Amino acid sequence: MNTANRNTLWASIVVEELYRSGVRAVCISPGSRSTPLVLAFAELRDRDPDFQIFVHIDERSSSFFALGLAKIKMSPVALLCTSGTAAANYYPAIIEAYYSHIPLVVMTADRPPEVRDCGSGQTIDQINLYGKHVRYFFEVGTPEILGFRLRYLRSLIGRAVGIATGRGETAAGAIHLNFPFADPMVPFPIPADIPEDLDLSSPEAMRGNTAYSQIIAGQRIFDDEVIATIANQIISCPQGVIVVGVYDAPAGFLKTVRALAKATGYPLLIEATGSDRHDAIGHYDSFLRSPNFAQTHEPKIVIRFGAMPTSKSYLLWLERHIGCQQIVVGSINSDPTHGFTQALNVETVGFCKQLADYLTSYAPTTWQDQQWRLDFELAETIACAAIANSLRSIDELFDGKVYAELAEILPAETYIYVASSTPIRDLDTFFHSNLPITVLANRGANGIDGTISSALGAACGCDRPMVLICGDLTFYHDLNGLLAAKKYHISLTIILLNNDGGGIFNLLPIAKFADIFEEFFGTAHGLDFAPLVTAYACEYVLIKDWQHLREAVTSSLSATGTQVLEVRTNRDRSRQLHFDIWQQVIAGCDRSFDRC
């Protein structure tokens, strides 16, 4: 405990309670007003060298680094910045944390109330700065070293961390605590600032090794009657599917969802960011483009885990058959089709096991529609073969083929961090590995913000190889994030797909309007990334051909530090190749499912 003055003691108590509540890392950006808390974190690290402190000059990069670290660790990470617009740079990452349920403890320093709204420097209105995108906000108040106030402070910190981790009434996400400090910011001793009779071993100062205030949560499970009702719905609808969309799946989920698919007889559709797709339906985005298949295969029930899949053809399929009953498990209000939806607020692993056990015990499989499932398996086979045959004939560097190559060379247990826009869609189409490979993505808000920083945070928090795949605009957008790679010697392989602009727009109808397309959507930049990468002491490699890509990726995965492997492609040519491949899939499925 730093008892130099009320600020230092107050900050020491805050940091101690964060530690006792499970926070083991903090990302800090430099500034004066946050000095008491910075010093407290530094003292904590002196006592526990395993406590991690990451210093980022850029607050936006800092916040996304924290987000990636919290995602991989599945535990809360703290953020700390000074007052003023510094705090505003956290906002994009806080929005992502809100929608993707990532626990962040956001701490913003502030001037005391008496010097706000009066022209004082580096001061903005920080009250409820992040609006509804935080799970909890509290203006902590200026330090007062009184017994009741210290108990309040400890209780506040423990409760706030509990809310951030989803142990309260809301899902996990960011919480925001605003800390006003008056001078002095540094640990100058101030006589009489700390009461002489304050007992630092009292409940106001200490309570064992656990948090002073805790939120303890249990699992949400259904009783047998609810499970029976859902089971009866399933039995009455043999034509159903189980879908895993964008999902940070909990431990044990894949095993239980596979058991549920077997018990229902439904095909299991999994997107690349959802879970391991081995022995599941992974090419549905491609074969649902077939008018014949999409029209003749009307789902009666869809059981979905995670967010809505990225696939546009899946969304259009649901909208075509809008009378389908959707059952969304573990997520509330996540149906953009606004169809018939039941949202089940329940723990997903337990639900899958309960429902599968009930169906196995009480429902003979004679009700299942085997032809329905076989049709999906046939469509999967047709799409897989059409895509593989098309890629074999492509010798030029093409974004889509990069993913197929990676599926052949990445070892088991590799992490892939994939950027939004075209990369996540191409990953879903072209990356299909039989090995356990985990895919991470910032798909809460689907933005390109902070992708490099998120991947570096995740890479820093794990002991397995990690590959980031991103486009050139995403890479440019977070170049500052590379400073963390240099500073903390983080090992990460970055595959930079550079088609000189916004390739996703070339696949959209706006590409047909040539008079305005390139200026406002294509946005070619002509940047040479090599000197930018080397400025951050990262290794740069320009990929020449497919053999070079295989060698460079393999070498990078066994190397230390961050390597950027740039694959330059042509946007217009890439567009044509995408449509040619999809047409091959559509033609194959239309021939096989011509039942009109």
Side-chain angles (χ1 to χ4, degrees), residues 68-69 71-74 100 243-258 268-286 305-307 309-311 380 383-384 387-388 391 399-420 422-443 451 454-470 490-497 546 549-559 562-563 565 567:
L69 183 60
K71 181 189 285 282
I72 201 77
K73 291 285 192 181
M74 293 187 289
S100 55
V243 177
V244 181
V246 182
Y247 192 40
D248 291 328
F253 171 75
L254 183 60
K255 179 180 179 180
T256 57
V257 79
R258 288 187 185 278
L268 177 59
L269 282 56
I270 303 180
E271 100 153 41
T273 58
S275 194
D276 179 2
R277 297 195 287 183
H278 181 56
D279 289 336
I281 305 296
H283 290 86
Y284 62 90
D285 174 72
S286 298
F305 300 87
T310 305
S311 168
E380 174 78 358
C384 182
I387 291 171
L391 291 179
D399 304 50
K401 190 169 180 176
V402 169
Y403 301 89
E405 294 291 323
L406 290 176
E408 295 295 323
I409 61 178
L410 291 185
E413 307 301 332
T414 301
Y415 278 107
I416 293 177
Y417 215 114
V418 63
S420 292
T422 307
I424 194 169
R425 290 164 173 82
D426 278 352
L427 183 86
D428 204 39
T429 299
F430 299 108
F431 183 87
H432 296 272
S433 173
N434 290 328
L435 300 177
I437 292 176
T438 302
V439 178
L440 305 174
N442 292 351
R443 293 302 285 175
T451 303
S454 297
L456 286 168
C460 185
C462 74
D463 57 1
R464 287 154 50 182
M466 183 166 296
V467 176
L468 166 64
I469 311 173
C470 68
I490 299 171
S491 294
L492 175 67
T493 299
I494 301 178
I495 298 179
L496 166 58
L497 302 174
W546 295 116
L549 174 69
R550 298 184 197 103
E551 293 171 354
V553 171
T554 302
S555 174
S556 179
L557 290 175
S558 60
T562 292
Q563 295 83 37
L565 316 181
V567 180

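None of these values were measured; they are calculated from a predicted model. No hydrogens, no waters, no symmetry mates; every other heavy atom, side chains included, goes into these values.
Taking CD of E551 as the start and CH2 of W546 as the end, the distance is 14.0 Å to the nearest 0.5 Å. Note that the CG atom of L269 and the CD1 atom of I281 stand 6.0 Å from one another [nearest 0.5 Å]. Summarising the geometry, atom CG belonging to L468 is positioned 10.5 Å from atom CD1 belonging to I416; distances are rounded to the nearest 0.5 Å. Atom NZ in K71 sits 4.0 Å away from atom CG in D248 (nearest 0.5 Å). Taking CD1 from I387 and OG1 from T429, the interatomic distance works out to 6.0 Å, rounded to the nearest 0.5 Å. Between the CD1 atom in I495 and the CG atom in L549 there is a gap of 6.0 Å [rounded to 0.5 Å].
The backbone N or O of N442 lies less than 3.5 Å from no partner atom in the side chain of S100, so there is not a single donor-acceptor pair. At least one donor-acceptor pair under 3.5 Å links the side chain of R277 to the backbone N or O of D428. Panel note: side chain S555, backbone A552; no donor-acceptor pair is recorded below 3.5 Å.
Proximity of Y284 to E271: side-chain heavy atoms (C-beta onward) are separated by under 4.5 Å at one or more points.
Legend: residues meeting salt bridge (Lys or Arg N to Asp or Glu O under 4.0 Å) with D399, ordered by chain and number and at least two apart, are absent. Listed by chain and number, the residues in a salt bridge (Lys or Arg N to Asp or Glu O under 4.0 Å) with D426 amount to none (sequence neighbours excluded). Y417 is linked by a ring pair (Phe, Tyr, Trp, His ring centres under 6.0 Å) to nothing, counting only residues two or more places apart in sequence or in another chain. Under the side-chain contact (heavy atoms from CB on, under 4.5 Å) criterion, Q563 pairs with T493, E539, S556, A559, L565, not counting sequence neighbours. With sequence neighbours excluded, the residues forming a side-chain contact (heavy atoms from CB on, under 4.5 Å) with A407 are F431, S433, listed by chain and number. For K401, the side chain to side chain donor-acceptor pair (under 3.5 Å) criterion is met by no residue, not counting sequence neighbours. Partners of E405 according to the salt bridge (Lys or Arg N to Asp or Glu O under 4.0 Å) rule, which considers only residues two or more places apart in sequence or in another chain, are R550. Shown here are the side-chain contact (heavy atoms from CB on, under 4.5 Å) partners of R464, two or more places apart in sequence or in another chain: E413, Y415, T438. In this structure N434 satisfies the side chain to side chain donor-acceptor pair (under 3.5 Å) test together with H278, sequence neighbours excluded. By the salt bridge (Lys or Arg N to Asp or Glu O under 4.0 Å) test, D276 pairs with no residue at all, sequence neighbours left out. Residues meeting the side chain to side chain donor-acceptor pair (under 3.5 Å) test with T451, sequence neighbours left out: none. For A441, the side-chain contact (heavy atoms from CB on, under 4.5 Å) partners at least two apart in sequence or on another chain are T273, V418, I424, R443.
Nearest heavy atoms, L440 versus M466: CD1-CE, 4.2 Å. Nearest heavy atom pair, residue I72 against residue C462, reads CG1-CB, 3.9 Å.
Between F430 and Y403, the ring-plane angle classifies as parallel under the 30° and 60° cut-offs. In this structure, H432 and H283 have parallel ring planes: the angle between them is below the 30° cut-off, well short of the 60° mark.
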Criterion side-chain contact (heavy atoms from CB on, under 4.5 Å) on T562 and L456, from CA distance to verdict: CA-CA 9 Å; T562 292; L456 286 168; 3.9 Å; yes
V257 vs S275, side-chain contact (heavy atoms from CB on, under 4.5 Å): CA-CA, chis, key distance, verdict: CA-CA 10 Å; V257 79; S275 194; over 6 Å; no
L410 vs L557, side-chain contact (heavy atoms from CB on, under 4.5 Å): CA-CA, chis, key distance, verdict: CA-CA 9 Å; L410 291 185; L557 290 175; 3.8 Å; yes
